[in-house]
Number of protein chains: 2
Amino acid sequence: MDRIARTTKDLGHVLREARKIQNLTQADLAARAGIWQRTVSNIETSASGAKVDTIFDLLAALDMELHIVPRSKMTPGDLEDIF
Amino acid sequence: MDRIARTTKDLGHVLREARKIQNLTQADLAARAGIWQRTVSNIETSASGAKVDTIFDLLAALDMELHIVPRSKMTPGDLEDIF
DNA sequence: ACAGTTAATGATCCAGCCATCATATTCTGG
DNA sequence: CCAGAATATGATGGCTGGATCATTAACTGT
């Protein structure tokens, strides 16, 4: 699964996958994050350019965080593939 | 150096450090990213809640990307510390 | 201490996100 | 298929970020 984002479209996909892994509906996640299902949908489909604060609300609700790294650097996921 | 961000404040700090490591001024980075020095300053100091697209512009200019990972998962940086 | 570079910040305008109501559409299990 | 759940989407309005002009404050090396 791709956890890397370079665009809002990437980010939308990653967030959607993360939500599904945790078996949450958009409404569930929205409630946890204190935002609206409408907004979750917009962000997952990159229907509109979200605000950073909203993304952090979603990440916190998913118990995830951002790692800002140089491009093409090895990731934890790569290591799991190797070991 | 801390490359993890859970808040806009974290993100501002990470971006500022990344910029300094590459010896860029705010004006340099702004020019590369196609935005304004004013905006770079605002984001680094988290003076305002930035838009995600602006962040991606900055990350691209810094040749960096986002990894969205579960909290407290081991990072590439950790591995460098170990090996 | 000073000159020059870099960063912070004031003010205004416009575009567009999110909140908030809603309904329509798609998906899924049985 | 069909009912129910899940997701997408229409419309409006307030709020605020970024663009854009600018000046001031802070920092840096010498």
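Source: prediction; values computed, not measured. Letters A, B, ... are given to chains in the order of the sequence lines, protein chains preceding strands, and every chain is numbered from 1.
Where B/A27 and B/D53 each meet DNA chain C at their nearest nucleotide, the meeting point lying more 5' is that of B/A27. Comparing B/R38 and B/G49 by the nucleotide of DNA chain D that holds the closest heavy atom to each, the one mapping nearer the 5' end is B/G49.
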Show the numbers, then the answer: is there a side-chain contact (heavy atoms from CB on, under 4.5 Å) between B/L59 and B/L15? CA-CA 8 Å; B/L59 289 173; B/L15 288 173; 3.8 Å; yes

Under the side-chain contact (heavy atoms from CB on, under 4.5 Å) rule, what do A/D10 and B/L66 come out as? Steps first, then yes or no, please. CA-CA 10 Å; A/D10 293 343; B/L66 293 185; over 6 Å; no

Please evaluate residues A/N42 and A/T39 with respect to the criterion side chain to side chain donor-acceptor pair (under 3.5 Å), reporting the C-alpha separation (whole Å), side-chain torsions for both, the decisive distance (0.1 Å), and the verdict. CA-CA 5 Å; A/N42 279 344; A/T39 303; 5.5 Å; no

Under the side chain to side chain donor-acceptor pair (under 3.5 Å) rule, what do A/D57 and A/T54 come out as? Steps first, then yes or no, please. CA-CA 5 Å; A/D57 287 343; A/T54 311; 5.3 Å; no

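Mapping heavy-atom proximity under 4.0 Å, the span of DNA chain C touched by chain B runs 5' to 3' from C/dT6 to C/dA11.
What separates CG of B/N42 from P of D/dT20 is a distance of 15 Å, to the nearest Å. Between the CD atom of B/Q26 and the P atom of D/dA25 there is a distance of 17 Å, rounded to whole Å. Counting to the nearest Å, the P atom of D/dT9 and the CD atom of A/E44 are 13 Å from each other. Taking atom CH2 of residue B/W36 and atom C1' of nucleotide D/dA22, one finds them 11 Å apart after rounding to whole Å. If you take CZ of A/R16 and C1' of D/dT7, they are 8 Å apart, rounded to a whole angstrom. Atom pair A/D28:CG and D/dA5:C1' shows a separation of 11 Å (rounding to whole Å applied). In this structure, B/N23 places its CG atom 13 Å from P of D/dT28, rounding to the nearest Å. If you measure from atom CD1 of B/I35 to atom C1' of D/dA19, you get 11 Å, rounded to the nearest angstrom.
Residue A/M64 comes nearest to B/R71 through the heavy atom pair O-NE, 3.4 Å, listed as atom of the first residue, atom of the second, then distance.
The base of D/dA6 lies outside donor-acceptor range of the side chain of A/Q37, with no N or O pair under 3.5 Å.
OP1 or OP2 of D/dA6 has not a single side-chain nitrogen or oxygen of A/T25 nearer than 4.0 Å.
A/A47 comes within 4.0 angstrom of no nucleic acid atom, judged by non-hydrogen atoms across all strands. Here A/T39 lies in heavy-atom contact (under 4.0 Å) with sugar-phosphate atoms only.
Around the CZ atom of A/R16, the shell of radius 6.0 Å holds more than 12 heavy atoms that belong to other residues, nucleotides or ligands.
Distance NE2/B/H13 to OG1/B/T45: 9.0 Å, rounded to 0.5 Å.
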